[in-house]
Amino acid sequence: MPDLPKAYTPHEVEGAIYDRWLAADVFAPDGKGSTADPTLPPFTIIQPPPNITGSLHLGHAQRTAVEDLMIRHARMRGHRALFLPGLDHASIAAQFVLDGILAKEGEDRQSLGRERYLERMRAFVATTREVMLVQQRRVGASADWGRLRYTMDDRSAKAVRTAFERLYRADLAYRTEALVNWCPGCRTSVSDLEVIATPETGTLWSVRYHLVDAATGRPEPDAGIVVATTRPETILGDTAVAVHPDDPRYAALVGRLVRVPFVERDVPVIADPVVDPAFGTGAVKITPAHDPQDYATGLRHGLAAPTILGDDASVTGTGTRFDGMDRYEARAAMVAELETRGDLVVAIPHDMVIGRCQRSNDVIEPRLKTQWFIRTTPLAERALEATRAGRTRILPERFEKTWEHWLTNIRDWNVSRQLWWGHRIPAWYCPDGHVTVSSAETGPDACEVCGRPAAALTQDPDIFDTWFSSGLWPFSTLGWPDDTDDYRAYYPTSVMETGYDIIFFWVARMMMLGLELTGREPFHTVYLSGLIRDPAGQKMSKTKGNVVDPLGVIDESGADALRFAVIHGATPGNDQRFGPVKLEHARNFANKLWNATRYVVGARPATIPEGAERRLPDERHLGPAERWLRSRAAATTAAVDEAMSGFAFGEVTRLVYEAIWDEYCDWGLEFAKVRLTDPGTSADEREATWWTLVEVLDTYLRLLHPVMPFVTEALWGGLPHRAGDPELLIVARWPGVGERDAAAESEIGALIELVGEIRNARASAKLPAGDWLETLVHVPVALGPTFEALRPAIERLARARPLERELTPEALAAVSRPGDLTVIVGGGEIEATIRPATGHAEMGALERERLERELADAEGWLSAARDRLANDSFVSRAPAAVVEGARAREAELADQVTRLRDRLGR
RNA sequence: GGGCGAUUGGCUCAGUCGGUUAGAGCGCACGGUUCACAUCCGUGAGGUCACUGGUUCGAAUCCAGUAUCGCCCACCA
């Protein structure tokens, strides 16, 4: 039983404890220090791997806190609890960060070349990796570091290759030319999810295309069709003009040719229902290679699709003077020239939605590219089936609607990226264009179509979307595709905890790929956390400068406070504001717990030797306060269990906080102080009291451990333990639910109320807080023994001395004097009279005011209660228990009103 | 254009199955220097639960609608 330092200093407490856990080898479910029960099912959380691009932010700390809470709870419950940590190589995000660093050095991707660039990247992530691992330890993550995984390690690479080959063989991965989202800044295609629709005001230009004279083949100067466009530069790629088939204005023109300016190409006027006659001029230019809708139209009409933009979004291959110009430069030049030609009819401001790159904020250009796609429809169907059948549930439930909507309208997933940092696509092409996909580490031996040797084949230069490897995470981390022990033991996993902002990016992909590749749902529960915002409700971001470094917070207030603060009062799926106030609240709580434990440790009766093994209190010597404490601990444990099983972690902290502060400290310790020092208490009783304090505190430390692991571990180490307890709380057993004692709860509850009412009466009468005042109390006979047992404590807590007990209300009334203060508790069963030291011949004005207020309140409630009971439908339709409760309430209120009236002389 | 969420005391938020008097922290007012804790203790004030209608014996809670704010999804040039 080491002495606890007087002051609570989180920094000192936390540093030593993490090392003790590590040394004891308790994090791994199969570690030396594990106390897991092998007959129980395992509990697995695979950590959402943070991007290796920098340091962790508060959101990560929050997620880790929630995940670790669940893991610690499961571990204490005796499950083999596996918390598998990891890191994500974050392909495009990492390149974006590194490119920024390189730019400052005057270098870029092209100047370095692929090999040197990747070397730089490896060096970069080697440094960030260490920072991130330290951060996680500081937060207290009880993760199995021996199983740490990385999305770019060899085993992930194997999983990626195998997954892709299987999808390819199952016709779920295919290569085709299609319109993709091109980011000119990142020089890669991105998926639909990475395109952010941004409302902006642009310009809608109306441009005249001249009709071509069928006879001469020349444009007619005065006859034309006016089209509307927001992107004039795409004129260079036009291969048709479309109108609605039923539009009478243009019916005669359908089938005619018009001349596209600049490229001076003659293209047909076609009729297609996709055109909205009400928009713009009702005529649309069609640029199949640079607009999704036009692409579809082009396919329907067999139009050519010339590409006019290069990788950097400059105009290319049009044979015009605009070649080489940036897209916006070309736009301006073309608009100017159209105006000179007199073919610019009008330009009006136009509200529209522009797609921008999630990463670089560049305007996305749709472009035709040959890329790999994942066929998502069949995968999505299985994912939907899993959630609809309840085999995987999503919390909070409302996200199932979002999930349904997205998966029902899903489009194929472009997984090729023209980047370098990531898993290379394991596809090889032979000179004849045959495709060979191979998961072999060294690639294929030969073209699988024509048998050409490997030397003649070239591998696809592209890499996978980073979310492809992330999508394999729940099983690639456990050894898949190999049939490993871990895979057999821990897959499928238990809970996937992550932010709701990546439900599509990540959760849906894990579900789709997991079902297809392993045949099982990768997790039973998806728990979606809300986002952490700053105190003003703003999303935290580096550009806003309002990000909070978790390490700074931990240094100042401790990881326990941080964890408590992000869990307390938060509900799944709802954002929360985070600031110093919440942190202070949490730290104060840790401090309270610290001091309470210090008191208990120091209050050990002399008859119990230091270092004694923990005993249960001797039931024969328990007083009512002790029975109350134990009963409340049982109630709290049961409530915590229920909250835990419902993933209501904010409720867990609320329950334990209240039990510790408002019950254990405010009343339990105060009652105990008196009993432990009162000369009337026997040695046996003292021991029973102290062992009760120890027992209940032990329970609360266990309940709180998953939330505040460090301080609870430290304090638990200072308490006596039971014979079968392990060295460390982290592997101690979760408390069982003890028996409730209804009588103790209601009796102590009434006496607590009595003390409160006495204090209230004294404060309202503005009597000096420190004075001991003669107090006369009447309590019902049934409450007598409890009252007597707690009499010394009530005296002290109410500063009521001498404290006389009157056996009947009449006796109390007989000895009361007009200047006394009156206290009526609850239903009026307990009454007290307080005699001011100075003595008054009549009731003071303040006292009268207070009683009048109480009377008015009581009368209000009484009439409400009577109204309810006067209602026949209430009496006949409400459950009997509710009606009975209402009757009892009415009787209590009536009694209270009578007594207050008596006292006020009415 | 669809979908979702939020709206509860001055502020930030809980409130599970509809059921006695809607809770907490902070802030505020008043009072506390004795032996766990001033990172503390005691007392108090402060809410027509956004609005309108409905269901029900009973609604912060369920239903419909309205308003404000926020988020997600969405290929009208």
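Atom set for the values below is all heavy atoms of this structure, side chains included, hydrogens, waters and symmetry mates excluded. As the structure is a prediction and not an experimental result, all values here were calculated from the model. Residue numbers start from 1 in every chain, and the chains themselves are labelled A, B, ... in the order their sequence lines are given, proteins ahead of strands.
- Between Asp575(A) and Tyr500(A), the side chains place a donor N or O and an acceptor N or O closer than 3.5 Å (distance only, hydrogens not considered).
- Atoms CG (Asn409(A)) and C1' (C75(B)) sit 14 Å apart, rounded to a whole Å.
- Comparing C72(B), C76(B), A36(B) by their nearest atom to the side chain of Thr402(A) picks out C72(B).
- Taking for each of Ala643(A) and Ala886(A) the nucleotide of RNA chain B with the nearest heavy atom, the 5'-most of the two is the partner of Ala643(A).
- In this structure, of A77(B), C72(B), A36(B), it is C72(B) that holds the atom nearest to the side chain of Phe504(A).
- Comparing atom distances between the Phe279(A) side chain and each of C75(B), A14(B), C76(B) picks out C76(B) as nearest.
- In this model, no side-chain donor or acceptor of Lys6(A) finds a partner on the base of A36(B) within 3.5 Å.
- Listed pair Arg868(A) / U21(B) meets the phosphate criterion, a side-chain N or O lying under 4.0 Å from OP1 or OP2.
- Only the C1' atoms considered, U55(B) is 36 Å distant from C11(B), to the nearest whole Å.
- Taking atom P on both nucleotides, G5(B) is separated from G53(B) by 24 Å, rounded to a whole Å.
- Remark: the separation of the P atoms in U43(B) and C4(B) is 46 Å, to the nearest Å.
- Among the candidates Ile270(A), Thr287(A), Asp294(A), the single residue satisfying the side chain to side chain contact (heavy atoms under 4.5 Å, CB included) test with Leu303(A) is Ile270(A).
- For a distance-only test at 3.5 Å, the side chain of Arg889(A) qualifies as a donor-acceptor partner of the base of U21(B).
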Restricting to nitrogen or oxygen on both sides, can you table the protein-nucleotides 39-44 of chain B pairs closer than 3.5 Å?
residue : atom : partner   : partner atom : Å
U39(B)  : O4'  : Asn588(A) : OD1          : 3.3
U39(B)  : O2'  : Asn591(A) : ND2          : 2.6
C40(B)  : OP1  : Asn588(A) : ND2          : 3.2
C40(B)  : O3'  : Lys592(A) : NZ           : 3.3
C41(B)  : OP1  : Lys592(A) : NZ           : 2.8
C41(B)  : OP1  : Trp661(A) : NE1          : 2.6
G42(B)  : O3'  : Arg759(A) : NH1          : 3.4
G44(B)  : OP1  : Asn760(A) : ND2          : 2.9

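- The base of A36(B) is paired with the side chain of Glu670(A) by a donor and an acceptor separated by under 3.5 Å.
- The side chain of Trp861(A) lies closest to U21(B) when the candidates are G5(B), U21(B), C73(B).
- You'll find that the side chain of Arg598(A) is closest to A36(B), out of G5(B), G25(B), A36(B).
- Rounded to whole Å, the P atom of A50(B) lies 8 Å from the corresponding atom of G9(B).
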